[in-house]
Amino acid sequence: MGADVDLVVPVKTLDRAKSRLVGAGFDRPALALAFAVDTIAAALPAVRRVLAVTSDPAVALELRALGVESTAGPEGLNEALRFGFEVLRARDAGSVVGALQADLPALRTVELAAALAAARGRSFCPDRQGTGTTLLLSAPGGPLDPSFGVGSAGAHAASGAAALVGPWPSLRHDVDTAEDLGLAAVLGLGPRTAAAFSPVAG
Ligand SMILES: Nc1nc2c(ncn2[C@@H]2O[C@H](COP(=O)(O)OP(=O)(O)OP(=O)(O)O)[C@@H](O)[C@H]2O)c(=O)[nH]1
Ligand SMILES: C=C(OP(=O)(O)O)C(=O)O
């Protein structure tokens with residue numbers, strides 16, 4: 001896997017995104033956008049194609065500047081992923097399609113590439129706590145069957161996906177809380193997030 005992987009990246013409307021950061025003193029919409037830009041910029045060199053699923057025109061505009069295609073999709077994370085999966089599958093029936101969360105601002109291309117290279121069949125990368133999922137990969141030509149949400153790592157394991165465990169900490173550090181952001185900063189934030197990571201009211 002690797003160069004022939006197509007990724008669908010869901011990005012929530014910025015005014016609703018990262019609600020667990022409300023009150024943490026950040027410009028939350030700007031930070032959520034920065035997470036998505038840094039995640040996708042790091043992912044691009046490791047894969048064949050990225051398709052963002054977002055209903056937010058401001059996100060789509062930003063991603064177009066990176067050469068990334070966006071499509072509006074249905075409400076809900078798993079619904080958006082299933083929609084993006086079908087779009088990508090229609091273009092290549094035998095491809096590996098992955099779902100990558102857009103909140104990995106420390107993501108390093110080499111670490112994503114290593115995880116993709118290690119994947120054998122349908123697989124998932126657990127988040128750093130081991131309960132959530134940051135990446136879900138289909139087998140070539142196979143279903144994605146996303147079950148993101150609380151306890152998604154267990155749900156993906158129960159549905160037969162193999163856990164991807166290896167030296168890719170940046171792929172496991174999704175950011176939901178201020179504490180997560182501090183831990184991602186220790187790994188090294190992408191440039192857009194580093195610039196946006198300045199406390200302001202809101
Ligand atoms: N397109 C789309 N993406 C979503 C939706 N809900 C969540 N996402 C994305 O899915 C990924 C993981 O979601 P979360 O970690 O819960 O992020 P979030 O929903 O912004 O954060 P909270 O508001 O704190 O739950 C992020 O990339 C989100 O932008 C949705 O309804 N539609
Ligand atoms: C939706 C998920 O992300 P989070 O727990 O970070 O909201 C998930 O891990 O399935």
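Read the numbers this way: they start at 1 and go in the same order the structure lists the ligands and their atoms.
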Nearest protein heavy atom with distance in Å, relative to atom 3 (O) of ligand 2: Gln101 NE2, 3.7 Å
Considering only NZ, NE, NH1 and NH2 on the basic side and carboxylate oxygens on the acidic side, decide whether Arg48 and Asp92 come within less than 4.0 Å. yes
Please check if any side-chain donor atom of Ser159 sits under 3.5 Å from a side-chain acceptor atom of Asp145, or the reverse. no
For a side chain to side chain contact (heavy atoms under 4.5 Å, CB included) with Leu189, tell me which candidate from Leu107, Leu181, Asp38 qualifies. Leu181
Taking side chain as C-beta onward, heavy atoms only, is Ser138 less than 4.5 Å from Arg89? yes
For atom 32 (N) of ligand 1, which protein heavy atom lies nearest, and how many Å away is it? Gly76 O, 3.9 Å
Nearest 0.5 Å, please: how far is CG in Leu7 from CG in Leu116? 7.0 Å
So, 4.0 Å and heavy atoms of Gly73: is ligand 1 close enough to count as a contact? no
For atom 11 (C) of ligand 1, the protein heavy atom that lies nearest, with its residue and separation: Gln101 OE1, 3.2 Å
Pull out every atom of ligand 2 sitting under 4.0 Å from any heavy atom of Ser152, numbered as shown with elements. 8 (C), 9 (O), 10 (O)
Distance filter under 4.0 Å to Ala17 heavy atoms, resulting ligand 1 atoms: 20 (O)
Among all the protein's non-hydrogen atoms, which is closest to atom 1 (C) of ligand 2, and how far away is it? Gly149 N, 3.5 Å
Which of the atoms in ligand 1, numbered in the order shown and given with their element, are less than 4.0 Å from a heavy-atom of Val53? 1 (N)
Between the NZ atom in Lys12 and the OG atom in Ser19, the distance rounded to the nearest 0.5 Å is 4.5 Å
The atoms of ligand 2 lying under 4.0 Å from a heavy atom of Asp174, numbered in the order shown, are 6 (O)
Please determine which of Thr133, Asp127, Asn78, Thr131 meets the side-chain hydrogen bond (donor to acceptor under 3.5 Å, both in side chains) test together with Ser152. Thr133
Say whether Ala102, considering both its backbone and side-chain N or O atoms, lies within less than 3.5 Å of an N or O atom on ligand 1. yes
Quick check: Ser19 and ligand 1, any N/O pair under 3.5 Å apart? yes
Find all atoms of ligand 1 within a distance of less than 4.0 Å from any non-hydrogen atom belonging to Asp103, and give their numbers and elements. 15 (O)
Show which atoms of ligand 1 fall inside a sub-4.0 Å distance from at least one heavy-atom site of Asp176. 15 (O)
re atom 17 (O) of ligand 1, the protein heavy-atom contact at minimum distance is Lys18 NZ, 3.0 Å
4.0 Å heavy-atom contact, Arg20 with ligand 2: yes
Need the ligand 2 atom indices (1-based, order shown) with element for anything under 4.0 Å from a heavy-atom of Gly132. 9 (O)
Counting non-hydrogen protein atoms only, what is the nearest one to atom 10 (O) of ligand 1? Give residue, atom name and distance. Leu77 CD1, 3.2 Å
Under 4.0 Å from a heavy atom of Leu77: give me the atoms of ligand 2 that qualify, with their elements. 1 (C)
Judged by non-hydrogen atoms, does Asp127 sit under 4.0 Å from ligand 2? no
Which residue supplies the protein heavy atom nearest to atom 26 (C) of ligand 1, what is that atom called, and how far is it? Pro10 O, 3.8 Å
Are Leu31 and Val175 packed together at the side-chain level, in the sense that at least one heavy-atom pair is separated by less than 4.5 angstrom? no
At what distance is the nearest protein heavy atom to atom 19 (O) of ligand 1, and which residue and atom is it? Lys12 NZ, 2.8 Å
So side chain to side chain donor-acceptor pair (under 3.5 Å) across residues 96-110, not counting sequence neighbours, yields Lys18-Asp103
Heavy-atom proximity to atom 4 (P) of ligand 2, picking from Asp176, Thr133, Val150, points to Asp176
Identify the residue among Thr39, Val5, Val8, Leu81 that makes a side chain to side chain contact (heavy atoms under 4.5 Å, CB included) with Leu100. Thr39
Where does the angle between the aromatic ring planes of His156 and Phe148 fall among parallel (under 30°), tilted (30 to 60°) and perpendicular (over 60°)? perpendicular
Any Leu164 side-chain heavy atom under 4.5 Å of Leu137 side chain: yes
Test Arg64 against Ser70 for side chain to side chain contact (heavy atoms under 4.5 Å, CB included), laying out the working first. CA-CA 8 Å; Arg64 196 179 310 153; Ser70 297; over 6 Å; no
Note the single closest protein heavy atom to atom 24 (O) of ligand 1, along with its residue, its atom name and the distance in Å. Arg20 NE, 2.8 Å
Contact check, side chains of Trp168 and Leu112, non-hydrogen atoms, under 4.5 Å: no
